[in-house]
Amino acid sequence: MPELPEVEVTRRSFASTIKGARIRAVRLGKPLRWPLGIEPAALVGCTVGEPTRRGKYLWLPLEHDRRASGRTGLNGMTAAGGLLIHLGMSGSLEFAAAMPAAGPHDHFEMTTSTGTLRLTDPRRFGAVVWSAALADDPAARLLGRLGVEPFEAEFDGQMLWSALKRRRVAVKQALLNGDIVVGAGNIYACEALFRAGIDPRTRSDRLSRARCERLAVALRATLAEAVDAGGSTLRDFSDARGRDGTFQLQAKVYGRAGQVCPRCDGTLRRIVQAQRSTYFCPRCQVR
DNA sequence: AATGGCGCCTGAACGC
DNA sequence: TGCGTTCAGGCGCCAT
């Protein structure tokens, strides 16, 4: 499931090769979570800038190219702005010079001068949305509720503590919410809490400042290690060059109910919080 | 403002 | 073999 590491790994795998590419054609498959918001033909002729990431979203800036002639959109206009991309639950991007024929789960495809970018997303929780600017709607509305980036200096134990002390939900849910700090989905929230020795059921406002410090460090380290491992490939994630991730092999608790805790020899458990599986060690993760 | 629950989707795994 | 059920979970949205 694409969380911050998978999105970042994907970004790095095609950022430099797509930068500067001229869009030649855009085709859509079945509807994704939200409509594109612009005529696909209006994107033709734009040049793709450097892809960036915010939380689990990717932003592909599009620029006008003054030298461009040829195809234009409605009223002779081409679209600048950019594309906000979310991989949802089952999405992955591929960018390649030669692309096999589109399959039934390929729902967005953009042919450019240096290769084709394709979004494959069987469950269609993902989205590709055009926005005139990152600061304008719809991008602004989608990104507006997001918390801080975990690798920014602004995110630290103090900041986490002051945000959590106003919440009463379980700390696992607070992490998943993404309005305090972005990036952790179910896998990395579980792993970070294990690393910090914190019971995922702990009420957010009951965590001491020192434990928030540990959690902030643990979350950062977990996400960084996952990026280094190329993300987690549980089923079908791979980066834009088709490379699988390996973090699932070094996960300490996720998906390991019944196994021995790698730290204390207790038995790992699976519980359900907010209709989602939580994996943890009831012995060495304390409230 | 914070919180809990719902719905969107499809494929895999499972029980009968 | 075939069918129905459950599960996977990101996240906007709604009601409370």
Side-chain angles (χ1 to χ4, degrees), chain A residues 1-10 28-35 37 53-58 84-93 102-108 119-129 131 137-147 149-150 160 162-193 200-207 219 223 226 231-238 245 247-248 251 253-258 270-280:
Chain A
M1 323 305 146
E3 305 179 28
L4 183 148
E6 288 74 27
V7 177
E8 177 61 19
V9 164
T10 296
L28 306 178
K30 288 187 190 174
L32 292 163
R33 179 164 191 173
W34 301 297
R53 180 190 56 75
R54 175 74 176 98
K56 299 172 189 171
Y57 288 91
L58 286 176
L84 198 63
I85 301 175
H86 198 289
L87 301 180
M89 281 294 303
S90 58
S92 61
L93 286 174
H105 301 309
D106 299 332
H107 303 304
F108 177 86
L119 173 66
T120 302
D121 185 4
R123 293 170 67 181
R124 292 192 279 133
F125 282 12
V128 181
V129 176
S131 194
D137 283 336
R141 203 164 54 83
L142 292 171
L143 303 180
R145 56 166 283 277
L146 298 183
E149 286 289 328
L160 186 58
S162 56
L164 287 177
K165 73 181 177 186
R166 293 183 287 111
R167 309 286 178 97
R168 303 169 67 137
V169 287
V171 61
K172 158 103 180 310
Q173 290 166 249
L175 287 181
L176 282 182
N177 252 342
D179 55 353
I180 296 173
V181 56
V182 295
N186 210 34
I187 298 173
Y188 302 116
C190 290
E191 293 298 317
L193 286 163
R201 301 166 292 188
T202 310
R203 260 176 58 158
S204 298
D205 60 356
R206 300 269 171 86
L207 280 168
L219 178 63
L223 294 173
S232 296
T233 297
L234 294 185
R235 183 154 298 160
D236 47 16
F237 169 77
S238 56
F247 186 84
Q248 73 281 1
V253 292
Y254 186 81
R256 300 193 187 278
R270 172 188 176 271
I271 59 173
V272 174
Q273 292 180 281
Q275 298 130 315
R276 279 170 201 156
S277 292
T278 296
Y279 298 91
F280 74 115

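In what follows, every chain begins at residue 1, and chains take the letters A, B, ... in the order their sequences are listed.
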Quick check: closest heavy atoms across [X] and [Y], and the distance to 0.1 Å?
| X | Y | answer |
| --- | --- | --- |
| A:Leu176 | A:Ala189 | CD2-CB, 4.1 Å |
| A:Ala257 | A:Arg270 | CB-CB, 3.7 Å |
| A:Pro122 | A:Ser90 | CD-O, 3.4 Å |

Q | Strand DNA chain B in bracket notation, Watson-Crick/G-U under 3.5 Å with | for pairs to another chain | A | .|||||||.|||||||
Q: Take atom P in C:dC3 and the same atom in B:dC9, then report the distance between them in whole Å.
A: 24 Å
Q.
With nearest nucleotide decided by heavy atoms, which residue, A:Leu146 or A:Met89, maps closer to the 5′ end of DNA chain C?
A. A:Met89
Q | Most 5' of A:Tyr57 and A:Leu234 on DNA chain C, judged by nearest nucleotide | A | A:Leu234
Side chain of [X] only, heavy atoms from C-beta on: which candidate in [options] is closest?
| X | options | value |
| --- | --- | --- |
| A:Arg166 | B:dG4, B:dA2, C:dG12 | B:dA2 |
| A:His105 | C:dA8, B:dT10, C:dG12 | B:dT10 |
| A:Arg270 | C:dG10, C:dA8, B:dG4 | C:dA8 |
| A:Arg167 | C:dA8, C:dG12, B:dT3 | B:dT3 |
| A:Tyr254 | B:dG11, C:dA8, C:dG10 | C:dA8 |
| A:Gln275 | B:dT3, B:dC6, C:dG10 | B:dC6 |
| A:Glu3 | B:dT10, C:dG12, C:dG10 | C:dG10 |

Q: Look at the side-chain N and O atoms of A:Arg141 and state whether any lies under 4.0 Å from the OP1 or OP2 oxygen of C:dC13.
A: yes
Euclidean distance, atom [atom1] of residue [X] to atom [atom2] of [N] [Å, nearest integer]:
| X | N | atom1 | atom2 | answer |
| --- | --- | --- | --- | --- |
| A:Lys56 | C:dG12 | NZ | C1' | 13 Å |
| A:Asp121 | B:dC8 | CG | C1' | 12 Å |
| A:Leu32 | B:dT10 | CG | C1' | 13 Å |
| A:Leu143 | C:dG10 | CG | P | 18 Å |
| A:Tyr188 | C:dG10 | OH | C1' | 14 Å |
| A:Ile180 | B:dT3 | CD1 | C1' | 13 Å |
| A:Gln273 | C:dG10 | CD | C1' | 16 Å |
| A:Asp179 | C:dC13 | CG | P | 15 Å |

Under 4.0 Å between any heavy atoms, over every strand shown, what does [X] touch: base, sugar-phosphate, or nothing? Just pick one.
| X | value |
| --- | --- |
| A:Leu87 | nothing |
| A:Ser90 | nothing |
| A:Arg124 | sugar-phosphate |
| A:Arg145 | sugar-phosphate |

**Q.** 5' precedence on DNA chain B between A:Pro122 and A:Gln173 (nearest-nucleotide basis)
**A.** A:Gln173
(Q) Under 3.5 Å, is there any donor-acceptor pair linking the side chain of A:Arg276 to the base of C:dG10? (A) yes
Q. Side-chain contact, heavy-atom cut-off 4.5 Å: A:Glu149 with A:Arg53?
A. yes
Q: Determine whether A:Leu193 and A:Val253 make a side-chain contact, defined as any pair of heavy atoms from C-beta on separated by less than 4.5 Å.
A: no
Q. Can A:Leu219 and A:Glu191 be said to form a side-chain contact (heavy atoms from CB on, under 4.5 Å), step by step?
A. CA-CA 8 Å; A:Leu219 178 63; A:Glu191 293 298 317; over 6 Å; no
(Q) If only side-chain N and O atoms count, and only distance matters, is there a donor-acceptor pair under 3.5 Å linking A:Tyr188 with A:Ser232? (A) yes
Q: Might you work through the salt bridge (charged side-chain N to carboxylate O under 4.0 Å, His left out) test for A:Glu6 and A:Lys56, ending with a clear yes or no?
A: CA-CA 8 Å; A:Glu6 288 74 27; A:Lys56 299 172 189 171; over 6 Å; no
(Q) Any carboxylate oxygen within less than 4.0 angstrom of a Lys/Arg side-chain nitrogen, looking at A:Asp179 and A:Arg167? (A) yes
